[in-house]
Trainee: 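A single structure is presented below for examination.
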Amino acid sequence: MMTYDPSNIFAKILAGELPCHKVYEDDTALVMMDIFPQSKGHTLVLPKAPSRNLLDADPATLSAVMPLVQRVARAVEAVTKADGLRIAQFNEAPAGQTVFHLHFHIIPVYEGIALGAHGGGKADDAELAALAKNIAAKL
Ligand code: AMP
């Protein structure tokens, strides 16, 4: 199994060394907007405990984070009025993982609108800030 690299970009965001559009934070997790969203409202839930992905995560971390994933999914749905939500989590590069700190994607799906590419274009900062605030208000 590959080991955790503490210099990954999400570790730096969790340490406060890099900025993010924060939705929510508690002792165990951080929720933020994906800055290269696949659709409007694409949100990420990051457990704070260091692990590369699901494979090396502590089961206690997974138990703690899933209720938060559900809470955030409901808030994202309420704000975006999405027709559906995709929850995704990638393990290692061949599977599509690009940042090697465990995170769960909450991706709103809108009927008739194709999802953007994984890791596509950067979203407008003002729009991300507004989404983060509105989702936080619904949590
Ligand atoms: P994954 O491919 O599952 O590792 O997902 C990494 C996700 O992080 C992608 O959807 C990227 O768009 C997103 N991402 C990369 N850098 C940042 C960043 N600085 N802030 C927020 N999201 C990011």
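Small disclaimer: the values here were computed from a predicted structure and weren't measured. As the structure lists them, so they are numbered: ligands from 1, and atoms in each ligand from 1.
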Trainee: Please enumerate all residues that pass side-chain contact (heavy atoms from CB on, under 4.5 Å) together with A73, with sequence neighbours excluded.
Mentor: L85, I87, I106
Trainee: Are H105 and H103 an aromatic pair, judged by ring center distance below 6.0 Å?
Mentor: yes
Trainee: Under the side-chain contact (heavy atoms from CB on, under 4.5 Å) rule, collect the residues that match up with Y110, sequence neighbours excluded.
Mentor: S39, K40, T80, A82, D83, P108, I113
Trainee: Output, in order, the C-alpha distance, side-chain angles, deciding distance and verdict of side-chain contact (heavy atoms from CB on, under 4.5 Å) for L46 and L14.
Mentor: CA-CA 9 Å; L46 290 59; L14 287 168; 4.2 Å; yes
Trainee: Heavy-atom contacts with ligand 1 below 4.0 Å: which residues, ordered by chain and residue number?
Mentor: I9, F10, I13, M32, M33, D34, I35, F36, L44, F90, G96, Q97, T98, V99, H103, H105, H118
Trainee: Any salt bridge (charged side-chain N to carboxylate O under 4.0 Å, His left out) pairs touching residues 68-78, not counting sequence neighbours?
Mentor: none
Trainee: Any side-chain heavy atom of E25 sitting closer than 4.5 Å to one from L30?
Mentor: yes
